[in-house]
Amino acid sequence: MRALNTTLLNAQKASSGTPYVLVVARIGTSYYFFSTEDRLLALEHAEKPYGGAATVKISNQDHYFSSRDFRGATLGICYGYKVGSNPYYSMAAPVYVLEQQDYSLEGKLYTEFTCVDDWQKLAWNTIGPDPNTGSAKASAPAWNPPGAKVDTIRAIIKSRLDEVDPPLGFHIDSSDGVENTYMPYFITEFGSTELSIISNLLEMTTCVLRSEQDGIHLRWLNPDSPIDYEYNSGHCHFMALRARSLVLPNWIIYVDHKPMDDSPVVYSGAASDWASIAAFGKVGVVKWDVGILSDAEAATRAESTMERIRASANLGTIIAPMNCGQELYDWVKAEDTQDRKSVV
């Protein structure tokens with residue numbers, strides 16, 4: 001969660017307040033500011049795992065955008081509250097103007113920005129010819145072949161973020177001890193996107209990635225982590241929903257290749273959720289990866305997959321006055337005095 005100063009923190013917890021939204025556009029060294037008190041008309045903004053987008057609608061009644069091109073501009077979207085005559089706000093991860101549309105309707109002029117985020121950049125960057133020289137590479141990248149383990153998952157992810165122009169910053173907030181030690185034998189193909197490489201690598205861990213102002217941050221989804229923010233009588237909420245399902249599949253087995261009669265597996269490892277097995281019976285899935293080179297690696301992969309399945313079985317929704325500092329993968333808690341339960 002982004003740090004908030006005391007004034008903004010108190011404002012968002014108050015029983016009532018005046019919301020404030022500011023969009024800061026940067027083109028080179030020039031900055032432009034559009035707020036709810038100025039010409040900002042509407043905003044749709046979604047932050048999601050591996051993808052986010054924004055649509056910004058701004059008044060052009062005075063022909064401000066008639067001679068201005070904002071395509072490629074970096075936008076910082078800020079959420080906050082007015083306290084007295086002063087605005088206080090916190091800036092979310094950057095988005096970039098992909099398309100500028102200038103509308104002329106009966107009696108109205110406005111401009112709309114369609115924006116994408118860093119994840120879209122990674123989704124558009126594919127493995128192929130050298131982007132600088134245009135020359136073809138001899139082969140698609142591969143890491144840690146047998147007998148030559150060098151790169152951890154962390155190192156490979158950083159190398160992919162460095163391929164973006166300009167390179168994306170990479171920051172470690174917390175680690176599960178796998179992403180910085182495990183060196184998987186990982187093979188790609190021409191046409192693979194940088195995003196698919198990163199997401200496939202991260203599936204081998206219990207870590208997540210989120211975009212922030214200074215780049216991409218890695219964080220361990222540790223269920224024992226302290227709560228980042230609490231919705232209670234100090235920050236009331238309108239609705240809290242906790243959705244819990246059985247952990248399924250509840251038995252994961254990883255092997256080094258697809259099991260066949262004439263080719264028995266060499267390495268294997270398993271992980272299970274015994275509470276789900278006791279309640280529902282065993283539901284097993286066998287997965288294989290030619291990059292697995294030991295039983296220990298297979299067991300690590302199985303346990304990481306099982307932890308992600310457990311996490312996806314415990315979901316929730318909170319509707320509340322805006323928390324201006326909340327980010328993806330924050331641990332939040334809702335204290336509900338009506339049903340006398342807590343939702344985390």
Side-chain angles (χ1 to χ4, degrees), residues 48-52 116-128 131 137 139-146 148-164 167-168 170-211 215-221 249 252-259 265 267-271 285-294 296-312 328-329:
K48 302 177 182 180
Y50 301 129
V116 297
D117 64 0
D118 287 327
W119 301 117
Q120 186 60 63
K121 286 187 174 184
L122 288 163
W124 281 331
N125 276 269
T126 59
I127 301 298
K137 299 175 182 176
S139 62
W143 291 270
N144 303 314
K149 288 185 174 292
V150 177
D151 296 304
T152 62
I153 290 174
R154 179 189 295 186
I156 301 173
I157 290 177
K158 184 180 187 308
S159 73
R160 306 335 301 159
L161 298 177
D162 286 343
E163 288 292 312
V164 179
L168 295 173
F170 188 36
H171 309 274
I172 310 301
D173 295 341
S174 57
S175 173
D176 64 352
V178 175
E179 57 83 24
N180 62 329
T181 58
Y182 183 33
M183 302 178 185
Y185 178 29
F186 191 78
I187 306 170
T188 62
E189 297 179 351
F190 284 126
S192 300
T193 67
E194 303 291 7
L195 180 57
S196 68
I197 293 172
I198 290 171
S199 61
N200 287 337
L201 285 166
L202 211 62
E203 287 293 323
M204 303 178 189
T205 76
T206 52
C207 294
V208 293
L209 294 172
R210 70 183 179 197
S211 178
I216 303 299
H217 285 243
L218 182 143
R219 184 180 191 183
W220 176 26
L221 277 185
I252 302 295
I253 301 171
Y254 260 92
V255 295
D256 60 314
H257 64 270
K258 185 176 182 179
V265 300
Y267 304 114
S268 65
V285 171
V286 178
K287 296 176 176 286
W288 54 87
D289 186 340
V290 297
I292 291 175
L293 301 177
S294 69
E297 287 188 20
T300 296
R301 295 288 298 278
E303 188 56 44
S304 294
T305 300
M306 182 55 67
E307 284 298 323
R308 288 183 175 275
I309 296 172
R310 288 192 185 103
S312 66
L328 283 176
Y329 301 115

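We use all heavy atoms of the structure for the numbers below, so side chains are in, but hydrogens, waters and symmetry mates are not. Index from 1, following the sequence.
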Straight-line distance of I252 CD1 to T305 OG1, nearest 0.5 Å: 6.0 Å
Check [X] against [Y] and note the closest heavy-atom contact, atom names and distance.
{"X": "P184", "Y": "L201", "result": "CG-CD2, 4.1 Å"}
{"X": "Y329", "Y": "L209", "result": "CE1-O, 3.5 Å"}
{"X": "V290", "Y": "L293", "result": "O-CD2, 4.3 Å"}
{"X": "S268", "Y": "V255", "result": "CB-CG1, 3.8 Å"}
{"X": "A302", "Y": "G269", "result": "CB-O, 3.9 Å"}

Do [X] and [Y] touch side chain to side chain, with heavy atoms closer than 4.5 Å?
{"X": "D173", "Y": "L218", "value": "no"}
{"X": "V164", "Y": "L122", "value": "yes"}
{"X": "T181", "Y": "T152", "value": "no"}
{"X": "E179", "Y": "C207", "value": "yes"}
{"X": "P49", "Y": "W119", "value": "no"}
{"X": "F186", "Y": "I153", "value": "no"}
{"X": "I216", "Y": "I198", "value": "no"}
{"X": "I197", "Y": "I127", "value": "yes"}

Any pair counted as salt bridge (Lys or Arg N to Asp or Glu O under 4.0 Å), so long as it reaches residues 300-312, sequence neighbours left out: E203-R308, D273-R310, D289-R301, E303-R310, E307-R310
With sequence neighbours excluded, residues passing salt bridge (Lys or Arg N to Asp or Glu O under 4.0 Å) with D162: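 Per chain and number, D162 pairs via salt bridge (Lys or Arg N to Asp or Glu O under 4.0 Å) with K158.
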Test side-chain contact (heavy atoms from CB on, under 4.5 Å) applied to S175 and R154, step by step: CA-CA 10 Å; S175 173; R154 179 189 295 186; 4.1 Å; yes
Stepwise side-chain contact (heavy atoms from CB on, under 4.5 Å) test for F190 and T126: CA-CA 8 Å; F190 284 126; T126 59; over 6 Å; no
Derivation and outcome, side-chain contact (heavy atoms from CB on, under 4.5 Å), residues N125 and T193: CA-CA 6 Å; N125 276 269; T193 67; over 6 Å; no
State whether the side chain of [X] and the backbone N or O of [Y] hold a donor-acceptor pair below 3.5 Å, judged by distance alone.
{"X": "K149", "Y": "N144", "result": "no"}
{"X": "R160", "Y": "L195", "result": "no"}
{"X": "D151", "Y": "W143", "result": "no"}
{"X": "D256", "Y": "V265", "result": "no"}
{"X": "T188", "Y": "P141", "result": "yes"}

Steps toward side-chain contact (heavy atoms from CB on, under 4.5 Å) verdict (I187, Y185): CA-CA 7 Å; I187 306 170; Y185 178 29; 3.6 Å; yes
Any side-chain donor near an acceptor of the partner, T206 and D176, under 3.5 Å: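 A donor-acceptor contact under 3.5 Å links the two side chains.
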Under 3.5 Å side-chain donor-acceptor pair for Y182 and E297: yes
